[in-house]
Amino acid sequence: MDVRDAVEADADRLAELTGQPSDVMRNLVHDRTVRVAVEPPDEDGEDLDLEGEASRVVGFVSYDAQNGAVHITQFEGSLEACERLLDEPLRFARGEGMPVELLVAENEDEKRDIAEAAGFRHEGRGPTFDGMPTVRYRHEPTRVEQ
């Protein structure tokens, strides 16, 4: 699985993964750091154009840095992709010596498990979005990581 920066051509695929409109995902690509996980090309070795590559996107993570922390704003995709993609904001945060914060919907057990496996600590309840309570997670860089 390869990871790369998202481009505008990925917006339709990101919309499929989230159920959000393509315009919203296009804005996300422009406004945040967005990294996508891409399946390797088929074994026939044919080169794909950018549209073909966008169709191989199996997950993404979006994040930004503000108020002294890296905030993961969204992560979606296959289990393997989500596990791999959480490394992206964590690596950035280590380089900057910043903590990482993440909100996960209370009913998204798989995402909560992924976050905890990546070293995020449960920090309590988060805000409610569209009637769904969230759980707040935080990852502090250790001295070894810094």
Side-chain angles (χ1 to χ4, degrees), residues 1-43 48 50 52-146:
M1 177 176 316
D2 295 322
V3 175
R4 63 168 172 77
D5 287 330
V7 294
E8 194 169 300
D10 295 322
D12 290 338
R13 177 64 180 133
L14 301 183
E16 290 174 16
L17 290 170
T18 62
Q20 296 289 318
S22 292
D23 292 2
V24 170
M25 301 317 290
R26 199 171 344 279
N27 289 338
L28 182 76
V29 169
H30 291 290
D31 296 341
R32 304 264 192 271
T33 299
V34 181
R35 302 281 288 162
V36 295
V38 181
E39 291 179 335
D42 292 335
E43 290 183 18
L48 296 173
L50 191 55
E53 182 155 316
S55 69
R56 295 181 304 135
V57 170
V58 293
F60 76 97
V61 63
S62 61
Y63 59 97
D64 62 1
Q66 59 181 333
N67 303 321
V70 174
H71 299 271
I72 298 174
T73 55
Q74 232 172 335
F75 72 107
E76 296 288 342
S78 70
L79 175 64
E80 181 183 1
C82 287
E83 289 171 342
R84 170 63 183 87
L85 287 164
L86 279 186
D87 290 341
E88 297 295 310
L90 291 173
R91 186 183 60 222
F92 173 81
R94 276 192 302 273
E96 300 297 319
M98 300 171 83
V100 181
E101 297 183 350
L102 169 65
L103 298 174
V104 178
E106 194 174 74
N107 67 346
E108 292 185 317
D109 294 336
E110 189 172 89
K111 282 187 177 180
R112 293 176 60 199
D113 291 343
I114 292 168
E116 290 170 11
F120 282 84
R121 281 190 336 264
H122 182 269
E123 292 283 311
R125 294 186 63 99
T128 298
F129 293 110
D130 295 327
M132 177 57 64
T134 62
V135 178
R136 185 179 310 274
Y137 286 95
R138 187 171 175 95
H139 187 284
E140 295 281 349
T142 64
R143 290 178 193 229
V144 173
E145 291 179 74
Q146 291 180 0

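Numbering starts at 1 and runs along the sequence shown.
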Main chain of [Y], side chain of [X]: is a donor-acceptor contact present, judged purely on distance under 3.5 Å?
X    : Y   : result
S62  : V34 : no
K111 : F75 : yes
R56  : E39 : yes

Tell me, please, which residues at least two apart from D5 pass salt bridge (Lys or Arg N to Asp or Glu O under 4.0 Å).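 Listed in chain order: R35.
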
Salt bridge (Lys or Arg N to Asp or Glu O under 4.0 Å) against R84, all qualifying residues, sequence neighbours excluded: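 With neighbours one apart ignored, the set is E88.
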
Minimum side-chain heavy-atom gap [X]-[Y] below 4.5 Å:
X    : Y    : answer
R121 : E140 : yes
V70  : E96  : no
V29  : F60  : no
L86  : I72  : yes
V100 : Y63  : no

Value rounded to 0.5 Å, distance of [atom1] in [X] from [atom2] in [Y]:
X    : Y    : atom1 : atom2 : answer
L14  : E76  : CG    : CD    : 10.0 Å
H30  : E8   : NE2   : CD    : 3.5 Å
R32  : D64  : CZ    : CG    : 4.5 Å
T18  : Q74  : OG1   : CD    : 6.0 Å
D109 : I114 : CG    : CD1   : 11.0 Å
R112 : N107 : CZ    : CG    : 9.5 Å

More than 12 non-hydrogen atoms from neighbouring residues, nucleotides or ligands closer than 6.0 Å to CD on E80, yes or no?
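Open: at most 12 neighbouring heavy atoms sit under 6.0 Å from CD of E80.
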
Under the ring-ring contact (aromatic ring centres under 6.0 Å, His included) rule, collect the residues that match up with H122, sequence neighbours excluded.
->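 Listed in chain order: Y137.
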
Which heavy atom of [X] sits nearest to which heavy atom of [Y], and what is that distance?
X    : Y    : result
R138 : P99  : NH2-CG, 3.0 Å
A65  : M98  : CB-CE, 4.0 Å
R136 : R125 : NE-O, 3.9 Å
A6   : V36  : CB-CG1, 3.8 Å
P89  : L85  : CD-O, 3.2 Å
A81  : A37  : CB-CB, 3.9 Å

Taking S22 as the fixed residue, which of D10, N27, D12 is the one that meets the side-chain hydrogen bond (donor to acceptor under 3.5 Å, both in side chains) rule?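 Exactly one option meets the side-chain hydrogen bond (donor to acceptor under 3.5 Å, both in side chains) with S22, and it is D12.
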
